Amino acid sequence: MTDSLRSTVTLANGVRMPWLGLGVFKITDFDECRNAVAAALDYGYRSIDTALGYRNEEAVGEALKSSGIPREEIFVTSKLSGGNGYERAYTEFENSLRKLGLDYLDLYLIHWPIPHEDKYVETFKALLEFMEAGKLRAVGVSNFLPEQLIRLHKEFGIYPMVNQVERHPHYQRGDLKKFCADRGIQLECYSPLMNGQLSGLPKTRTILQTIADKYGKNIYQVCLRWQIDTQVVCINKSVHPERIRENADIFDFRLDADDIAKIAAIDDGQHIFRDPYDDLGPVVHFTVEEV
Ligand SMILES: NC(=O)c1ccc[n+]([C@@H]2O[C@H](COP(=O)([O-])OP(=O)(O)OC[C@H]3O[C@@H](n4cnc5c(N)ncnc54)[C@H](OP(=O)(O)O)[C@@H]3O)[C@@H](O)[C@H]2O)c1
């Protein structure tokens with residue numbers, strides 16, 4: 001069901017994750033971050049995405065605490081670098097819990113695999129142990145390619161439950177999406193609004209505006225609804241309470257096949273963040289064909 005801000009998807013291990021959440025990348029000011037998270041929770045968001053590297057886990061923790069919402073009703077994601085390795089993963093995980101003021105996380109992601117350091121496999125081992133110890137409900141990764149997901153499966157007999165990647169109309173990740181869907185890995189997008197860069201793309205805005213007009217919505221709402229209507233969990237970011245609310249007002253319409261086809265035609269592989277393929281270097285252990 002994808003008809004309310006509380007709607008969830010069930011991950012491979014049975015944990016339920018909201019389809020829409022707020023991300024707090026680049027919100028480094030404590031009050032600004034706390035206020036954004038507080039506004040989101042107040043409006044009904046129940047999923048918050050942070051990372052050790054965002055340097056705002058304390059502010060997120062403060063907003064979680066002062067919301068008064070029972071812990072089990074909020075889905076909290078944090079991340080650590082794949083370059084950490086096994087022992088440092090323990091330290092980083094405890095640091096995140098302490099900063100957030102929590103005793104467990106709902107989802108913990110390896111932020112980037114950093115393949116040249118070749119430590120993401122041992123880092124993932126630690127994540128599996130956090131889950132076994134009851135301190136983590138679901139293990140995930142971010143910016144992982146099929147080769148790296150296959151390697152984790154070969155090592156541990158399990159795929160991560162989530163792979164969080166850059167995805168928006170210009171970068172739709174069709175092959176990766178199918179690869180993940182076939183293996184029970186939930187794809188989660190980041191930068192659904194192209195990290196704010198839609199304004200510089202007049203042709204794309206015109207296509208999105210035609211669809212938006214049909215439903216009485218704006219182009220940002222169309223971009224976010226498109227993720228959910230293509231079965232991708234979505235996190236968006238804003239520091240403005242009115243935008244945080246507006247971006248969540250997407251549960252009273254659904255895109256039809258014609259809209260999805262129009263958006264499919266925008267895909268030209270243009271991305272904002274670095275391409276994980278550029279990181280691969282010589283450390284490719286398995287290929288998709290081997291599976
Ligand atoms: N795993 C990774 O490697 C990775 C990488 C990047 C991001 N992420 C996660 O994904 C989250 C979302 O991605 P993102 O931060 O790149 O951003 P995004 O949601 O694609 O775009 C955010 C930008 O769009 C603006 N915006 C938001 N709503 C708007 C609206 N209704 N109208 C006009 N402008 C609007 C925001 O400005 P204002 O804030 O001024 O409103 C901000 O500049 C991040 O916060 C983070 O949690 C993960």
Side-chain angles (χ1 to χ4, degrees), residues 17-29 31-33 35-37 39-40 43 45 47-57 59-60 63 75-83 96 100 106-114 120 140-145 148 160 162-173 176 186-201 204-205 208-209 212 217-228 232-250 270-276 278-279:
M17 176 174 192
W19 281 102
L20 187 73
L22 183 81
V24 293
F25 179 42
K26 289 187 187 164
I27 319 184
T28 46
D29 179 81
D31 290 343
E32 195 170 46
C33 182
N35 294 344
V37 175
Y43 189 64
Y45 281 76
S47 172
I48 305 295
D49 180 277
T50 181
L52 195 69
Y54 297 172
R55 300 180 191 280
N56 55 21
E57 288 174 302
V60 171
F75 191 97
V76 182
T77 301
S78 192
K79 317 182 190 82
L80 83 168
S81 165
S96 282
L100 286 160
D106 297 281
L107 180 63
Y108 199 38
L109 306 176
I110 298 182
H111 209 148
W112 284 85
I114 325 274
Y120 66 84
V141 294
S142 179
N143 301 300
F144 269 53
L145 297 168
Q148 295 149 350
V162 172
N163 187 17
Q164 184 188 98
V165 298
E166 178 178 345
R167 184 177 189 258
H168 42 70
H170 278 276
Y171 194 39
Q172 303 194 14
R173 318 299 299 265
L176 181 64
Q186 177 60 51
L187 201 68
E188 178 182 21
C189 78
Y190 67 73
S191 299
L193 307 175
M194 294 189 75
N195 196 244
Q197 293 182 32
L198 272 177
S199 53
L201 298 160
T204 305
R205 289 179 65 97
L208 295 172
Q209 192 63 54
K217 295 289 174 182
N218 64 38
I219 60 167
Y220 304 96
Q221 292 166 323
V222 168
C223 282
L224 298 170
R225 183 70 217 189
W226 170 74
Q227 297 284 355
I228 298 172
V232 175
V233 166
C234 178
I235 41 168
N236 71 103
K237 173 259 168 186
S238 177
V239 293
H240 298 102
E242 66 281 9
R243 286 182 176 173
I244 289 169
R245 288 193 289 272
E246 189 179 284
N247 292 349
D249 183 17
I250 58 168
Q270 203 184 130
H271 54 88
I272 296 154
F273 293 91
R274 75 176 188 267
D275 185 344
D278 295 344
D279 289 348

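Values below: every heavy atom of this structure, side chains too, minus hydrogens, waters and symmetry copies. All ligand and atom numbering here is 1-based and tracks the order in the structure. This is a predicted model, so every value here is computed, not measured.
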What protein heavy atom sits nearest atom 41 (O) of ligand 1, and how far away is it? Ser238 OG, 2.5 Å
Quick check on side chain to side chain contact (heavy atoms under 4.5 Å, CB included): which of Asn143, Val141, Leu80 does Trp112 satisfy it with? Asn143
One finds that the ligand 1 atoms under 4.0 Å from a non-hydrogen atom of Gln164 are 1 (N), 2 (C), 4 (C), 48 (C)
Sub-4.0 Å atoms of ligand 1 with respect to non-hydrogen atoms of Met194: 20 (O)
List the steps and the verdict of side chain to side chain contact (heavy atoms under 4.5 Å, CB included) for Leu109 and Thr77. CA-CA 7 Å; Leu109 306 176; Thr77 301; 3.9 Å; yes
How far apart are the closest heavy atoms of Cys189 and Pro192, and which atoms are they? SG-CB, 3.8 Å
Just by modelled atom types, is the Gly21 backbone N or O under 3.5 Å from a matching donor or acceptor in the Ser47 side chain? no
Residue and atom name of the nearest protein heavy atom (relative to atom 12 (C) of ligand 1), distance in Å to one decimal: Ile235 O, 3.6 Å
Any N/O of Tyr220 closer than 3.5 Å to an N/O of ligand 1? no
Atom 40 (O) of ligand 1: nearest protein contact (heavy atom, Å): His240 CE1, 3.1 Å
Is it the side chain, the backbone, both or neither of Pro192 that has a heavy atom closer than 4.0 Å to ligand 1? both
Gln148 side chain to Leu145 main-chain N or O, any donor-acceptor pair under 3.5 Å? yes
Side-chain donor-acceptor pair under 3.5 Å between Asn56 and Thr50, yes or no? yes
Atoms in ligand 1 flagged as close to Phe273, the criterion being non-hydrogen separation under 4.0 Å: 6 (C)
For ligand 1, is any non-hydrogen atom under 4.0 Å from Glu246's backbone (N, CA, C, O), its side chain (CB onward), both, or neither? side chain
Using a strict 4.0 Å cut-off to heavy atoms of Gly196, name the atoms of ligand 1 that fall inside it. 21 (O), 23 (C), 24 (O)
Measure the distance from atom 42 (C) of ligand 1 to every protein heavy atom, then report the residue, atom name and distance (to 0.1 Å) of the closest one. Lys237 NZ, 3.8 Å
Lys237 side-chain N/O to Ser191 backbone N/O, donor-acceptor pair under 3.5 Å: no
For residues Asn163 and Glu188, is any side-chain donor paired with an opposing acceptor at under 3.5 Å? no
May I ask you to identify the nearest protein heavy atom to atom 20 (O) of ligand 1, giving residue, atom name and distance to one decimal place in Å? Leu193 N, 2.8 Å
Asp49 heavy atoms, cut-off 4.0 Å: which ligand 1 atoms fall inside? 9 (C), 46 (C), 47 (O)
Side chain, backbone, both or neither: which part of Val24 comes within less than 4.0 Å of ligand 1 when only heavy atoms are counted? backbone
Going by the order shown, which atoms of ligand 1 are within less than 4.0 Å of some heavy atom of His111? 1 (N), 2 (C), 3 (O)
How about Tyr190 and Phe25: are their ring centres within less than 6.0 Å of each other? no
Distance from atom 6 (C) of ligand 1 to nearest protein heavy atom, with residue and atom: Tyr190 CD1, 3.2 Å
Donor-acceptor side-chain pairing of Arg167 and Gln172 below 3.5 angstrom: no
Quick one: does any side-chain atom of Glu166 pair with a main-chain N or O of Tyr171 as donor and acceptor, under 3.5 Å? no
Do the ring centers of His111 and Phe144 come within less than 6.0 Å of each other? no
Which residue owns the protein heavy atom closest to atom 13 (O) of ligand 1, what's the atom, and how far is it? Ser191 N, 3.0 Å
Atom 37 (O) of ligand 1 has as its nearest protein heavy atom Arg243 NH1, 3.3 Å
For ligand 1, indicate whether the residue Val165 contacts it via side chain, backbone, both or neither (heavy-atom separation under 4.0 Å). neither
State the atoms of ligand 1, each with its element, that fall below the 4.0 Å cut-off from a heavy-atom position in Trp112. 3 (O)
